[in-house]
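Okay, so here's the structure we're looking at.
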Amino acid sequence: MNYQEINRIKKLKKIKLLGINPYPSKIYKINYNIKKILNNKNFLINNNKILIITGRIINIRNMKNSSFIDIKDYSDYIIQLYYNINNLNIKYKNNKYYINLFKKYLDIGDIIYVKGKLFLTKVKEYTILINKIILLSKSIYPIPNIKIKNNKIYYKFKNKEKRYRMRYIDLIINNNIKKNFIIRTLIINYIRKFLNKINLIEVDTPILQNIPGGANAKPFITYHNKFKKYYYLRISNELFLKKLIVGGFKGVYEFSRNFRNESIDKIHNPEFTILEFYIPYKNYIWMMKFIKKLFNYIYKKILKINNINIINFTNKFKKIKFFNFINKYINFKINENTSKKKLIKLSNILNIKINKNYNKDKIIDNIFNLLCKNNIKSPTFIYDYPKYMSPLAKCKNNNSLLTERFELYINGIEIANAYSELNDPIEQLNRFKKQNKKNIDKDFIKALKIGMPPTVGIGIGIDRLIALFTNNNNIQEVILFPQMK
RNA sequence: GACUUGGUAGCUCAGCUGGUAGAGCAUUACACUUUUAAUGUAAGGGUCCUGGGUUCGAAUCCCAGCCAUGUCACCA
């Protein structure tokens with residue numbers, strides 16, 4: 001415990017001795033928040049409005065018989081409070097009481113309830129002249145102090161490790177942190193609204209799974225005591241949603257928290273959110289158009305509250321075939337027929353390290369990741385992926401080596417992955433077998449055998465999407481409590 | 001997993017070629033009736049990430065470890 005904390009615990013005892021409960025319980029009605037006050041300054045002054053607000057103290061300037069206190073509330077705005085001994089309620093006019101309570105025992109970090117009127121100080125700062133103040137919660141642990149001049153913040157809390165581990169302090173101290181998370185929720189709500197409008201059903205599918213399917217990643221393993229059986233935290237919900245399409249829903253979606261036992265970087269967290277949705281009787285061409293509409297809709301909504309400087313979604317989305325795209329950045333022409341031998345040769349020429357165990361999909365993916373994808377800035381659909389890279393996608397009508405699949409890239413980052421779903425059970429089983437997986441989800445195959453209508457499905461990386469819409473290049477900034485060791 | 005940069009007061013950071021720790025804000029005390037990065041005077045506050053080693057002497061040099069930043073690999 002540090003000395004500041006010890007000091008405050010002493011204060012806490014003295015406050016209690018004064019007969020004040022430092023952690024009271026009541027309903028505290030407020031009639032304004034700080035943002036609203038600052039937006040209606042003139043009205044409030046002209047009408048002599050009595051303001052009742054709550055907030056956290058972030059700075060105190062004490063004079064002999066008066067004080068200035070800066071408080072911040074949930075609106076993330078700051079306002080100055082002023083009190084003078086003469087302006088306080090009769091109850092507080094006893095000098096000793098006033099000095100003890102307000103001058104000595106209030107600290108940065110305390111949460112207070114305040115009643116007063118707005119006025120303009122000599123230095124032209126809009127300020128609340130308060131006549132009533134109630135301590136709602138005493139702060140014991142010192143938070144970093146903030147100094148503000150001309151709207152510039154001079155002292156920050158910017159150590160990333162501390163910010164993420166103590167997000168509550170980050171949210172108090174740093175501006176726009178809360179805003180990022182509010183935007184996150186807004187975007188998710190807008191997506192819901194958009195999908196509900198076309199009558200998709202939001203569903204919940206199991207997080208604990210027998211067989212971790214629908215993607216290729218290391219799962220987290222857990223254990224059920226009664227069943228004496230290992231379970232896996234889902235790496236994807238894809239197969240379950242398709243089972244629901246077999247079951248006859250008009251279309252389903254789920255914001256799925258997925259878990260992958262891999263390492264962490266700018267665009268990966270061990271637990272992350274993917275929106276998946278599946279719509280029968282549509283295909284991937286339809287989905288491209290739909291995604292464009294969805295992103296435009298979100299963009300317009302968010303633009304009203306936040307500048308998005310990373311990308312402009314109102315421009316046309318680009319569209320380019322997978323192999324055409326790759327061929328733009330290498331001096332060779334490759335396509336779905338190019339043999340593994342040639343691809344290995346090519347990798348050597350391009351100075352791309354490859355492992356002997358690598359399959360064709362892995363080699364191509366390396367070329368794509370290292371030489372091509374970073375050239376994508378504006379939203380671009382890469383489409384018609386080779387079959388060997390897409391075990392769950394349906395083949396094209398005129399070419400059985402390509403699939404009806406696209407990925408949406410923005411700023412070099414994969415945001416979405418979609419395909420016309422493979423619904424031929426025999427072929428699906430064969431493709432699973434080719435993957436040499438230990439566990440094949442036979443139940444999923446059974447569902448396909450019963451018959452799944454032609455369906456399009458997509459997965460959208462929500463954390464990455466939110467990062468884009470909040471001008472962040474790291475998803476840790478849009479995950480409230482990112483994973484830390 | 002590899003490399004990179006870092007870990008010093010509540011926060012942000014200095015600390016050179018080794019000589020047992022500094023600043024600003026925060027804290028405490030006093031002064032001050034409208035300040036605003038309030039001000040003035042004084043004071044207190046440190047397991048220098050951990051463990052070894054070198055040395056008369058280590059925050060500093062060396063080794064190992066822990067945690068984090070960034071890049072890469074893994075994540076089709």
Side-chain angles (χ1 to χ4, degrees), chain A residues 1-8 10-11 58-70 78-87 103-104 107-109 119-127 129 139-166 169-170 173-174 214-219 235-236 258-270 272 352-355 358-366 368-370 385-393 405 407 414 417 435 437 461 473-474 476 482 484-485:
Chain A
M1 200 158 48
N2 69 60
Y3 60 97
Q4 295 197 44
E5 213 175 323
I6 292 165
N7 262 334
R8 292 201 182 183
K10 281 181 193 163
K11 282 187 190 178
I58 56 156
N59 199 6
I60 300 177
R61 294 176 292 282
N62 276 330
M63 261 118 286
K64 189 170 187 184
N65 286 323
S66 62
S67 287
F68 292 91
I69 300 178
D70 297 328
I78 295 166
I79 197 163
Q80 176 173 263
L81 311 177
Y82 170 70
Y83 63 79
N84 185 303
I85 182 164
N86 300 317
N87 291 87
K103 218 171 150 184
K104 286 193 176 173
D107 285 304
I108 291 173
F119 77 109
L120 197 58
T121 64
K122 278 181 188 171
V123 249
K124 294 190 175 171
E125 170 98 10
Y126 286 91
T127 300
L129 177 67
S139 172
I140 296 304
Y141 188 91
I143 55 170
N145 54 312
I146 309 174
K147 296 282 178 176
I148 300 158
K149 190 188 184 183
N150 302 330
N151 292 324
K152 271 190 186 171
I153 294 174
Y154 281 76
Y155 296 89
K156 289 182 188 170
F157 179 61
K158 58 183 183 182
N159 180 304
K160 279 196 171 188
E161 183 178 2
K162 286 175 184 167
R163 282 184 50 225
Y164 298 152
R165 286 192 198 276
M166 298 184 284
I169 298 181
D170 189 33
I173 300 301
N174 290 322
N216 200 7
K218 284 170 210 147
I235 56 173
S236 165
N258 293 345
F259 304 83
R260 295 187 183 175
N261 211 334
E262 316 277 354
S263 60
I264 297 170
D265 62 33
K266 275 185 183 177
I267 52 169
H268 294 95
N269 194 59
F272 61 105
I352 293 172
K353 284 178 197 166
I354 44 165
N355 205 312
Y358 281 7
N359 285 326
K360 265 168 104 171
D361 59 320
K362 185 78 203 149
I363 299 169
I364 289 261
D365 205 41
N366 262 336
F368 179 79
N369 284 331
L370 295 173
Y385 280 69
K387 180 177 157 186
Y388 54 77
M389 287 181 85
S390 319
L392 296 159
R405 172 184 177 191
E407 290 195 346
E414 177 195 343
N417 180 16
Q435 280 188 307
K437 284 244 179 147
N473 64 354
N474 190 331
Q476 286 180 310
M484 294 249 148
K485 203 166 178 181

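Nucleic acid contact class of I58(A) (heavy atoms, under 4.0 Å, all strands): none. Contacts of R163(A) with the nucleic acid, taken as non-hydrogen atoms under 4.0 Å apart, are absent. Among the heavy atoms of the strands lying under 4.0 Å from K485(A) are primed sugar atoms or P, OP1, OP2 only; no base atom is included. Backbone-only contact: Y358(A) has heavy atoms under 4.0 Å from sugar-phosphate atoms and none from a base. Within the nucleic acid shown, N159(A) comes within 4.0 Å of sugar-phosphate atoms alone, with no base atom in reach, counting heavy atoms only. E407(A) comes within contact range of no nucleotide atom at all, as no heavy-atom separation falls under 4.0 Å. Base contact: E262(A) has a heavy atom under 4.0 Å from a base atom. Residue E5(A) is out of contact with every strand shown, counting any heavy-atom pair closer than 4.0 Å. Note on N258(A): nothing from the nucleic acid sits closer than 4.0 angstrom, heavy atoms only.
Expressed to the nearest 0.5 Å, how far CE of M484(A) lies from CG of N269(A) amounts to 9.0 Å. Taken from CD in E414(A) to CD1 in I267(A), the straight-line distance is 8.0 Å, to the nearest 0.5 Å. With rounding to the nearest 0.5 Å, the separation of CG in L81(A) from CZ in F68(A) is 10.5 Å.
Atom C1' of nucleotide G7(B) and atom CD of E161(A) are separated by 8 Å, given to the nearest angstrom. Distance OH (Y83(A)) to C1' (U35(B)): 13 Å, rounded to an integer number of Å. Between the CD atom of Q476(A) and the C1' atom of C67(B) there is a distance of 14 Å, given to the nearest Å. When the P atom of U69(B) is taken as reference, atom OH of Y164(A) falls 7 Å away, rounded to whole Å. Atom CD1 of I69(A) and atom C1' of U34(B) are 14 Å apart (whole Å). At whole-Å resolution of the value, NZ in K162(A) and C1' in A68(B) are 11 Å apart. Between the CD1 atom of I78(A) and the C1' atom of U35(B) there is a distance of 16 Å, given to the nearest Å. Taking atom CZ of R61(A) as the reference point, atom C1' of A38(B) lies 7 Å away to the nearest angstrom.
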Query - R8(A) vs S139(A), side-chain contact (heavy atoms from CB on, under 4.5 Å): CA-CA, chis, key distance, verdict - result: CA-CA 8 Å; R8(A) 292 201 182 183; S139(A) 172; 3.4 Å; yes

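Of all nucleotides present, only U50(B) satisfies the Watson-Crick or G-U wobble test against A64(B), with each distance under 3.5 Å. C30(B) is paired with G40(B) under the criterion used here, namely a Watson-Crick or G-U wobble arrangement in which both key atom distances are under 3.5 Å.
For the OP1/OP2 pair of C75(B) and a distance below 4.0 Å, the side-chain nitrogens and oxygens of K362(A) include at least one atom meeting the criterion.
Under the side chain to side chain contact (heavy atoms under 4.5 Å, CB included) rule, Q80(A) has a single partner from N59(A), T127(A), I148(A), which is T127(A).
A 4.5 Å side-chain heavy-atom check between K162(A) and I169(A) finds every atom pair outside the cut-off. Within the 4.5 Å cutoff, no side-chain heavy atoms of P144(A) are placed close to those of K156(A).
Comparing C74(B) with A14(B), their C1' atoms sit 40 Å apart, to the nearest whole Å. Comparing C11(B) with A2(B), their P atoms are spaced 30 Å from each other, to the whole Å. Between U20(B) and G46(B), the two C1' atoms lie 12 Å apart (nearest whole Å). Spacing between G57(B) and G6(B) at atom C1', rounded to whole Å, works out to 27 Å. Comparing A21(B) with G65(B), their C1' atoms are spaced 25 Å from each other, to the whole Å. Across A9(B) and A23(B), the matching P atoms stand 14 Å from one another, rounded to whole Å. The gap from the P atom of C3(B) to that of A73(B) amounts to 16 Å, rounded to the nearest Å. With both ends at atom C1', the span from G53(B) to A76(B) equals 48 Å, rounded to whole Å.
The shortest non-hydrogen separation linking I143(A) to I108(A) is CG1-CG2, 4.0 Å. R165(A) approaches K485(A) most closely through the heavy-atom pair NH1-O, 3.0 Å.
Taking the side chain of R165(A) as heavy atoms from C-beta on, and the options A38(B), C67(B), U34(B), the nearest nucleotide is C67(B). Checking U34(B), G70(B), C75(B) against every side-chain atom of K160(A), the shortest atom distance belongs to G70(B). Side-chain proximity of T121(A) to the nucleotides U71(B), U34(B), A73(B) is greatest for U34(B). Nearest nucleotide to the F157(A) side chain, out of A76(B), G70(B), U12(B): U12(B).
Side-chain atoms of Q80(A) come within donor-acceptor range of the base of U35(B), with a qualifying N/O pair under 3.5 Å. Side chain S263(A) to base A73(B): a donor-acceptor pair is found below 3.5 Å.
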The contact string for nucleotides 21-33 of chain B, one letter per nucleotide 5' to 3', using protein heavy atoms under 4.0 Å with B, S and - for base, sugar-phosphate only and none, comes out as ---BBBSS---BB

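Summary of the strand contacts: M484(A) and M389(A) both lie near RNA chain B, and taking for each the nucleotide with the nearest heavy atom, the more 5' one is attributed to M484(A).
Residues forming a side chain to side chain donor-acceptor pair (under 3.5 Å) with R163(A) (at least two apart in sequence, or on another chain): D170(A), E477(A).
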